[in-house]
> 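Shown below is the structure under consideration.
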Amino acid sequence: MGQGTEYGLVDLEEVDTPGDEWEEIDVSDTEADKIARKRDREFEQFEERIKDADQFKVEQSVFDDATFAALYKLVQDGYVEAFGGPLSTGKEANVYHALGDDREVAVKVYRINASNFRQMRDYLEGDPRFEGLGGKKKDVVLAWTKKELANLRRARNAGVRVPEPIAAERNVLVMEYIGNEDGRAKRLGEVQIENPQTAYEVMREYMRRLYSAGLIHGDLSEYNIVFDEGQLVLIDLGQAVTVHHPNSRDFLERDCRNVASFFSRQGLDVTEEDLLEFVTSPEPDPSRD
């Protein structure tokens, strides 16, 4: 297609064949829950250090004992070495800058008492990976965290540029930091696009690759696409659903409508219908049932 040169379209020949078929995702107690219940001296000292760190800006609405324990476990396992300040704050999660094993990482902390808890359930119900999920808020948020980890892995295996998932513990996800010394990467809606046609072609190809791998982003717009070192990167895949979700078609049509609308405002002659036809031209891999 030739559109990958400027915006860093991932070469499909360089990525693995999509795998890890619809695995069941376990939301039972993790090591972090055990640490929180035990509350030994080292854990309590870690908790106090984090609470006292000005740059971390701890909020009680985000951090309970088990969340501190999840961070503690990730530090013990070497995924996080030092915490920085917040990159973003939202109703469902806060994202923090941190130093990992010889590189910068982003630490996403989901709120157990998320205000959009019911909306989370709408995305989880009907996903074959979460059959039998209970109604407890904790279970839903823990499932959501593991769902984002699994979705990021699947997207990368499909040749879609997303943050590299590194580790997850309870309601905390560690992933690649997308940005530089000046801060986080800018969202597509925050930058001047020099070549909208090329950007659109990369974007629609990524949407098609996701669909072919059996995934639909579900909340795609210029606010969930960032521009980093010449590449378009999709972010926030926690809500991404499988093509078997009962509302998958509605989510896909909304994604197409949002993307087509954005690029229409950039002066391109694109429509939601044409984008939808392009994205769905390959059938999802039947082995993913």
Side-chain angles (χ1 to χ4, degrees), residues 20 23-90 92-114 117 120 124 129-130 133-134 136-154 156 162-178 235-238:
D20 87 274
E23 73 281 10
E24 181 180 350
I25 295 181
D26 183 14
V27 295
S28 59
D29 280 3
T30 69
E31 186 64 27
D33 293 285
K34 298 175 184 176
I35 292 172
R37 287 193 293 269
K38 185 178 179 182
R39 294 193 60 84
D40 61 18
R41 183 178 179 183
E42 287 187 1
F43 167 59
E44 290 181 347
Q45 290 175 341
F46 170 84
E47 186 176 15
E48 285 305 313
R49 287 201 306 274
I50 294 297
K51 286 182 177 179
D52 292 341
D54 291 337
Q55 76 275 20
F56 206 56
K57 293 183 170 59
V58 168
E59 300 176 41
Q60 285 303 118
S61 62
V62 181
F63 294 86
D64 57 10
D65 285 345
T67 300
F68 281 118
L71 292 169
Y72 178 67
K73 181 68 166 56
L74 289 164
V75 169
Q76 282 188 319
D77 291 344
Y79 295 115
V80 178
E81 293 184 357
F83 292 99
L87 294 170
S88 66
T89 58
E92 73 179 29
N94 286 4
V95 183
Y96 297 91
H97 190 204
L99 179 64
D101 183 13
D102 74 13
R103 62 172 168 171
E104 294 174 280
V105 297
V107 179
K108 190 170 190 176
V109 182
Y110 278 103
R111 300 170 186 266
I112 295 298
N113 294 315
F117 164 76
M120 282 184 169
L124 290 171
R129 296 171 292 181
F130 300 93
L133 181 68
K136 294 181 180 179
K137 283 188 177 182
K138 187 200 82 168
D139 288 348
V140 170
V141 175
L142 266 57
W144 191 271
T145 307
K146 291 190 175 183
K147 178 173 182 262
E148 180 158 18
L149 180 75
N151 288 343
L152 288 170
R153 286 173 175 164
R154 182 169 293 276
R156 284 178 66 86
V162 296
E164 177 190 354
I166 298 172
E169 180 66 42
R170 202 173 181 273
N171 58 318
V172 181
L173 173 64
V174 181
M175 56 190 162
E176 174 190 3
Y177 169 67
I178 307 295
I235 61 172
D236 293 338
L237 270 76

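All of these numbers come straight from a predicted model, not from anything done at the bench. For the numbers below, each heavy atom of this structure counts, side chains included, while hydrogens, waters and symmetry mates do not.
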> Which atoms form the tightest heavy-atom contact between Phe43 and Phe68, and what is the distance?
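What the structure gives for the nearest pair is CE1-C, 3.6 Å.
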> For residues Leu87 and Ala106, report the shortest heavy-atom separation together with the two atoms involved.
CD1-CB, 4.2 Å
> Taking CD in Glu42 as the centre, count heavy atoms belonging to other residues, nucleotides or ligands within less than 6.0 Å. Is the count above 12?
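It does not: Glu42 CD has 12 such atoms or fewer within range.
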> Hey, could you give me the OG1/CD distance between Thr67 and Glu47, rounded to the nearest 0.5 Å?
10.0 Å
> Going through the distances and angles, do Glu44 and Glu48 end up as a side chain to side chain contact (heavy atoms under 4.5 Å, CB included)?
CA-CA 6 Å; Glu44 290 181 347; Glu48 285 305 313; 5.8 Å; no
> If you measure from CG on Asp236 to NZ on Lys108, what distance do you get to the nearest 0.5 Å?
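Here the interatomic distance stands at 4.0 Å.
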> Do Glu169 and Tyr79 have a side chain donor and acceptor closer than 3.5 Å?
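Their side chains do not contain a donor-acceptor pair, so the 3.5 Å distance test is not met.
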> Do Glu81 and Asp101 have side chains that get closer than 4.5 Å, going by heavy atoms?
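In short, these two side chains touch, coming nearer than 4.5 Å.
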> Which atom pair, heavy atoms only, marks the closest approach of Leu149 to Pro165?
CD1-CB, 3.5 Å
> One pair to check against side chain to side chain contact (heavy atoms under 4.5 Å, CB included): Leu142 and Ile112. What are the steps and the verdict?
CA-CA 8 Å; Leu142 266 57; Ile112 295 298; 4.0 Å; yes
> What residues form a side chain to side chain donor-acceptor pair (under 3.5 Å) with Asp77, not counting sequence neighbours?
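Applying side chain to side chain donor-acceptor pair (under 3.5 Å) to Asp77 gives Lys73.
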> I'd like to know if the side chain of Asn171 and the backbone of Tyr110 have a donor-acceptor N/O pair within less than 3.5 Å.
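Side chain of Asn171 to backbone of Tyr110: a pair is present.
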> Do the non-hydrogen side-chain atoms of Gln76 and Ile35 ever get within less than 4.5 Å of each other?
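Yes, close enough: below the 4.5 Å cut-off.
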> For Val105 versus Gly100, what's the shortest heavy-atom pair and its separation?
CG2-N, 3.9 Å
> Taking the side chain as every heavy atom from C-beta outward, state whether Arg37 and Lys34 have any pair of such atoms under 4.5 Å apart.
yes
> Shortest non-hydrogen contact from Ile166 to Glu176?
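Taking Ile166 first and Glu176 second, the nearest heavy atoms are CD1-N, 3.9 Å.
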